[in-house]
Undergrad: 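Let me give you the structure first, and then I'll get to my questions.
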Amino acid sequence: MILVSEIAELISGEIDGQYDLPIKDICELKDGKVNCISFFANSNNIDLYIKSKASAVIVNNALELPKINKTIIRVENSLLAFSQVSLLFRPKPKQIVSIHPSSSIASTAKIGSNVSIGVNVVIEDYAEIGDNVHIGANTTIGKKSVVGSDSCIMSNVSIYHCIKIGSNVHIDSGTVIGADGFGIVTHKGTHHRIPHTGVVEIGDYVAIGSNCSIDRGTINATIIGKFSKLDNLIQVSHNVVIGEGCIIAGQSGIAGSTVLGNYVTIGGQSGIVGHIKIGDKCVIGADTLVTKTLKPDSFVSGNPARVHLNRKKQDAIINRLPELYKRIINLEKEISKIN
């Protein structure tokens, strides 16, 4: 059990209710449990808050709630605070600092201190692994690749040669970084692969989900800027540049040489064609196909991408077409009677 006062101190929160309330676990608000703590960020669903059995709730400072028998902890960002609290009750398993005897580490590789290297890991010549790095089972780190300190590379990740990975990076299982891009030249009816001799550079605090493909540059670099977060099943093609703080949802693909500015958000199952620019702070809705350069702060959706509000209005009109068609037919009939 952890007292509400201790939780509030951890997240710099203000308590409205019982300071000495014991909390045994976290819970969802919908299926809340007594002596558990949840969070609430959506003022449109007050009933969910009222009906929940959760004894304590973390909320945003500005959120107004009815007075009921619950202890509230007010913070600047309830979801961020709850994520800290969740690790308090359900900490991730600690990585054991060890190098498994089945791993294959080249004599020329440099391994930092407090590094965990799992079963069947391969680290090739002149690779560099920073301090406090975790490398999961069956992962390969190619020649001359660098993994920065405090990074976590999960199992079955393939990192090819000459890849630069920053500090505090997290890469989930099944991801491939540094394979050749989809470059093809056709000569006399035969398709030939174009060799890709560039690199991949991944900035600090980047997170990459499972089963992603980050292709190396043809000559220069494919770049993912610091603090960017990529979901599962994402394709980043050769020479793509992703700015800082971008968020890309699952099953999205970015074609070669496209440049994303900073803090771009891309919804799931979206596609972006090659050789265009996406401005800073653009929002691309789910299932969108972007075919042209976007100015900063654009919000687009649809296939092809259009300004979101305009597309909604156009779709509303399209949905009325059957009704309008019937009206036109009836009007034509009335006019024919007059003639």
Side-chain angles (χ1 to χ4, degrees), residues 1-17 19 21-46 48-49 52-63 65 70-95 132-134 136 148-154 166-173 175 202-210 212 224-232 234 244-250 262-268 283:
M1 294 279 196
I2 303 175
L3 298 180
V4 161
S5 57
E6 296 173 303
I7 296 172
E9 184 177 359
L10 171 70
I11 59 178
S12 302
E14 295 291 330
I15 300 172
D16 181 2
Y19 281 68
L21 177 68
I23 300 297
K24 64 181 181 181
D25 198 4
I26 58 172
C27 65
E28 292 185 7
L29 199 61
K30 183 178 179 181
D31 301 313
K33 298 176 182 178
V34 175
N35 289 114
C36 291
I37 189 168
S38 187
F39 77 99
F40 185 63
N42 187 354
S43 59
N44 295 327
N45 202 347
I46 296 294
L48 184 62
Y49 166 77
S52 176
K53 293 181 181 179
S55 296
V57 182
I58 301 170
V59 303
N60 293 334
N61 286 325
L63 193 60
L65 296 170
K70 286 192 194 307
T71 293
I72 293 172
I73 304 177
R74 293 192 174 276
V75 295
E76 183 179 352
N77 187 317
S78 60
L79 182 55
L80 179 61
F82 185 75
S83 67
Q84 295 175 269
V85 173
S86 66
L87 290 176
L88 186 64
F89 288 94
R90 302 181 185 183
K92 291 184 177 180
K94 289 185 178 180
Q95 304 295 345
N132 309 310
V133 169
H134 168 77
S149 61
D150 298 291
S151 291
C152 181
I153 315 297
M154 300 303 286
S167 300
N168 295 281
V169 171
H170 183 95
I171 301 174
D172 273 316
S173 297
T175 285
I202 296 174
D204 297 343
Y205 295 96
V206 167
I208 299 173
S210 60
C212 294
I224 300 178
K226 62 183 181 181
F227 300 112
S228 289
K229 311 298 180 187
L230 278 63
D231 197 1
N232 305 327
I234 288 172
E244 297 180 9
C246 293
I247 298 174
I248 305 175
N262 298 326
Y263 296 96
V264 172
T265 300
I266 301 175
V283 176

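All values below were derived from every heavy atom in this structure, side-chain atoms included, with hydrogens, water molecules and symmetry-related copies excluded.
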Undergrad: Taking side chain as C-beta onward, heavy atoms only, is L3 less than 4.5 Å from Y19?
TA: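 Contact flag for L3/Y19 side chains = no.
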
Undergrad: Measure the shortest side-chain to side-chain distance between I208 and I202 over non-hydrogen atoms and say whether it is less than 4.5 angstrom.
TA: yes

Undergrad: Do Y49 and I72 make a side-chain contact, defined as non-hydrogen atoms from C-beta onward lying under 4.5 Å apart?
TA: yes

Undergrad: Using only atom types and a distance under 3.5 Å, with no angle test, would you say the side chain of N60 pairs donor to acceptor with the backbone of S78?
TA: yes

Undergrad: Is T71 reaching over with its side chain to a backbone N or O of G17, donor-acceptor style, under 3.5 angstrom?
TA: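 Flag not set: sc T71 to bb G17 has no pair under 3.5 Å.
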
Undergrad: Side chains of S167 and S149: donor-acceptor distance under 3.5 Å anywhere?
TA: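 A pair is found: one side chain offers a donor N or O, the other an acceptor, under 3.5 Å apart.
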
Undergrad: Does a sphere of radius 6.0 Å around NZ in K229 hold more than 12 heavy atoms from other residues, nucleotides or ligands, not counting ones at 6.0 Å or beyond?
TA: yes

Undergrad: Are F40 and L65 side-chain neighbours, meaning at least one heavy-atom pair lies under 4.5 Å?
TA: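 Contact flag for F40/L65 side chains = yes.
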
Undergrad: For G166, is there any backbone N or O sitting under 3.5 Å from a side-chain donor or acceptor partner on S151?
TA: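 Here the side-chain-to-backbone pair exists.
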
Undergrad: Measuring only between side-chain heavy atoms, which start at C-beta, is F82 closer than 4.5 Å to I11?
TA: no

Undergrad: Test: side chain to side chain donor-acceptor pair (under 3.5 Å). Region: residues 30-40. Which pairs qualify, not counting sequence neighbours?
TA: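 Not a single pair qualifies under side chain to side chain donor-acceptor pair (under 3.5 Å).
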
Undergrad: Does the side chain of L230 come within less than 4.5 Å of I248's, by heavy atoms?
TA: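 Touching, per the 4.5 Å side-chain cut-off.
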
Undergrad: Answer whether the closest heavy-atom distance between the side chains of L21 and S55 falls below 4.5 Å.
TA: yes

Undergrad: I'd like to know whether OH of Y205 has more than 12 heavy-atom contacts from other residues, nucleotides or ligands below 6.0 angstrom.
TA: no

Undergrad: Can you check side-chain contact (heavy atoms from CB on, under 4.5 Å) on I171 and I153, steps first, answer last?
TA: CA-CA 5 Å; I171 301 174; I153 315 297; 3.7 Å; yes

Undergrad: Look only at the side chain of T175 and the backbone of C212, and say whether a donor-acceptor pair between them is shorter than 3.5 Å.
TA: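 Checked: pair present.
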
Undergrad: Go through I37 and I2 one step at a time and tell me if the side-chain contact (heavy atoms from CB on, under 4.5 Å) criterion holds.
TA: CA-CA 11 Å; I37 189 168; I2 303 175; over 6 Å; no

Undergrad: Is it the case that more than 12 heavy atoms not belonging to E6 sit under 6.0 Å from its CD atom?
TA: yes

